[in-house]
Amino acid sequence: MHRILLAALAAVLVSAPARAQQDSVVRGEQDFRACAACHSLEPDRNMTGPSLANLWGRNAGSLPSFDRYSDALKASGIIWDDRSLDAWLTDPERMVPDNAMPFEGIKDARTRADLLAFLKEATKPGAAPRQMAQGRGGMMGGGMMGGMMGGGRVPNLKNLDPPQHVTSITHCRDTYRVTTADGKTRAFWERNLRIKTDSSKDGPESGAPAIVPAGMMGDRADVIFAGPEEISKMIEPRC
Ligand code: HEC
């Protein structure tokens with residue numbers, strides 16, 4: 001009887017901290033949604049902000065593949081670790097005045113601790129393949145949003161379905177008419193159609209721009225080209 005009790009007690013003592021740590025990582029993964037619109041966890045997949053892969057031990061503002069660091073962050077001399085990241089996430093502007101991260105900070109210490117517990121796992125070298133697998137699963141299951149959750153995946157535009165593949169665009173007065181490979185043409189008020197480029201490996205093939213819905217109402221969309229030189233070539237002034 002005694003031995004069973006002792007064994008049970010030992011099991012609780014060993015597993016409770018491990019379980020608390022695991023719970024923290026799970027909560028942190030939810031909290032990472034506040035970051036995922038701007039940061040991926042895959043090496044060198046940069047979005048509004050730099051990839052966070054391999055973050056611990058890295059000098060602030062030093063990822064060679066990210067071109068948009070502020071001078072302030074580059075000159076900060078910070079090395080990212082538990083302490084410096086906690087200060088950064090508390091109040092980025094206070095830690096590095098004039099930095100370029102549009103984020104007001106997380107005031108709750110437990111939320112920061114959860115987020116850092118998750119990030120420390122998810123940014124380790126070799127952690128990315130798990131994230132990629134999640135991203136793909138999400139995209140297949142739940143469309144674009146599912147893909148975005150798993151560490152900030154954007155949909156790949158290389159192999160377009162006909163309704164996404166733009167074949168021609170005309171412009172007349174205040175209206176763009178966008179025709180896709182399924183033969184359909186949709187009209188947009190010119191202020192509701194955004195023209196973008198994506199030259200990364202996720203971007204469309206040259207000459208095959210993609211149309212992607214934007215916003216909730218269905219009246220807005222993005223047309224994404226492989227590069228800026230294609231844009232005015234494709235848009236034909238015609239009424
Ligand atoms: C709206 C976009 C945006 C959001 C949201 C955002 N970030 Fe950032 N983040 C950036 C940008 C842009 C930079 C580069 C800042 C600079 O150069 O001054 C950056 C920089 C960083 C850096 C420094 C990386 C390096 O290479 O030095 C870390 C760490 C970071 N962000 C973590 C986070 C975390 C964690 C969250 C969520 C709590 C978050 N960010 C939310 C855009 C964002």
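As the structure lists them, so they are numbered: ligands from 1, and atoms in each ligand from 1. These numbers come from the heavy atoms of this one structure, side chains and all, not from hydrogens, waters or symmetry mates.
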Determine yes or no for a side-chain-to-main-chain donor-acceptor pair under 3.5 angstrom, with T167 supplying the side chain and T179 the backbone.
-> yes

Ligand 1 to N99, heavy atom cutoff 4.0 Å, flagged ligand atoms 18 (O)

H171 and E236: side-chain donor and acceptor closer than 3.5 Å?
-> no

Give the atoms of ligand 1, by number and element, whose distance to some non-hydrogen atom of R58 is under 4.0 Å.
-> 25 (C), 26 (O)

If we only count heavy atoms from C-beta on, is the K120 to W56 side-chain gap below 4.5 Å?
-> yes

What's the verdict on side chain to side chain donor-acceptor pair (under 3.5 Å) for D108 and T111, showing C-alpha distance, side-chain angles and the deciding distance?
-> CA-CA 5 Å; D108 181 54; T111 306; 2.6 Å; yes

Going by heavy atoms in the side chains, are L160 and P209 under 4.5 Å from each other?
-> no

Would you call H39 and M101 a side-chain contact if the rule is heavy atoms closer than 4.5 Å?
-> yes

Just need the protein heavy atom nearest to atom 38 (C) of ligand 1, so name the residue and atom and give the distance.
-> C35 SG, 2.7 Å

Polar proximity ligand 1 side, A100 side, N/O cut 3.5 Å exclusive = yes

Mind checking whether Y69 contacts ligand 1 via backbone (N, CA, C, O), side chain (CB onward), both or neither, at a 4.0 Å heavy-atom cut-off?
-> both

Considering residues, nucleotides and ligands other than D71, do more than 12 of their heavy atoms fall under 6.0 Å from its CG?
-> no

At the 4.0 Å heavy-atom cut-off, does D31 count as touching ligand 1?
-> no

Name the closest protein heavy atom to atom 3 (C) of ligand 1, giving the residue it belongs to and the distance to 0.1 Å.
-> C38 SG, 2.8 Å

Indicate if the distance from atom 8 (Fe) of ligand 1 to the nearest N, O or S atom of H39 falls below 2.8 Å.
-> yes

Numbered atoms of ligand 1 (with element) below 4.0 Å of L115, judged on heavy atoms | 38 (C)

Heavy-atom gap L63 to ligand 1 smaller than 4.0 Å = no

Which ligand 1 atoms are under 4.0 Å away from a heavy-atom of A34?
-> 5 (C)

Can you establish whether the number of heavy atoms outside N159 located under 6.0 Å from its atom CG is more than 12?
-> no

So which heavy atom in the protein is nearest atom 14 (C) of ligand 1, and how far is it from that ligand atom?
-> P50 CD, 4.0 Å

Pull out every atom of ligand 1 sitting under 4.0 Å from any heavy atom of L85, numbered as shown with elements.
-> 29 (C)

Is there any N or O on T48 that sits under 3.5 Å from an N or O of ligand 1?
-> no

Would you check the N or O atoms of G61, main chain and side chain alike, for any that come under 3.5 Å of an N or O of ligand 1?
-> yes

Would L116 end up clustered with V96 when hydrophobic side chains under 4.5 Å apart are linked, directly or stepwise?
-> yes

Are F188 and Y176 close enough, and set up right, to give a ring pair (Phe, Tyr, Trp, His ring centres under 6.0 Å), and what steps lead you there?
-> CA-CA 5 Å; F188 292 90; Y176 286 111; 8.5 Å; no

Near L119, which atoms of ligand 1 are under 4.0 Å from a heavy atom of that residue?
-> 35 (C)

Going by distance only, is there an N or O of W80 that falls short of 3.5 Å from an N or O of ligand 1?
-> yes

Give the numbers and elements of all ligand 1 atoms closer than 4.0 Å to a heavy atom of P102.
-> 1 (C), 2 (C), 42 (C)

Check the pair Q164, T180 against side chain to side chain donor-acceptor pair (under 3.5 Å), reporting the backbone distance first and the verdict last.
-> CA-CA 6 Å; Q164 266 199 304; T180 41; over 6 Å; no

Closest approach of any protein heavy atom to atom 22 (C) of ligand 1, naming residue and atom | W88 NE1, 3.5 Å

Enclosure of K184 NZ (heavy-atom neighbours >12, cutoff 6.0 Å) | no

May I ask you to list the atoms of ligand 1 that are less than 4.0 angstrom from any heavy atom of S70?
-> 16 (C), 17 (O), 18 (O)

Does any donor atom in the side chain of S65 or N46 lie under 3.5 Å from an acceptor atom in the other side chain?
-> yes

Measure from atom 11 (C) of ligand 1 to every heavy atom in G49, S62, A53 and give the option owning the shortest one.
-> G49

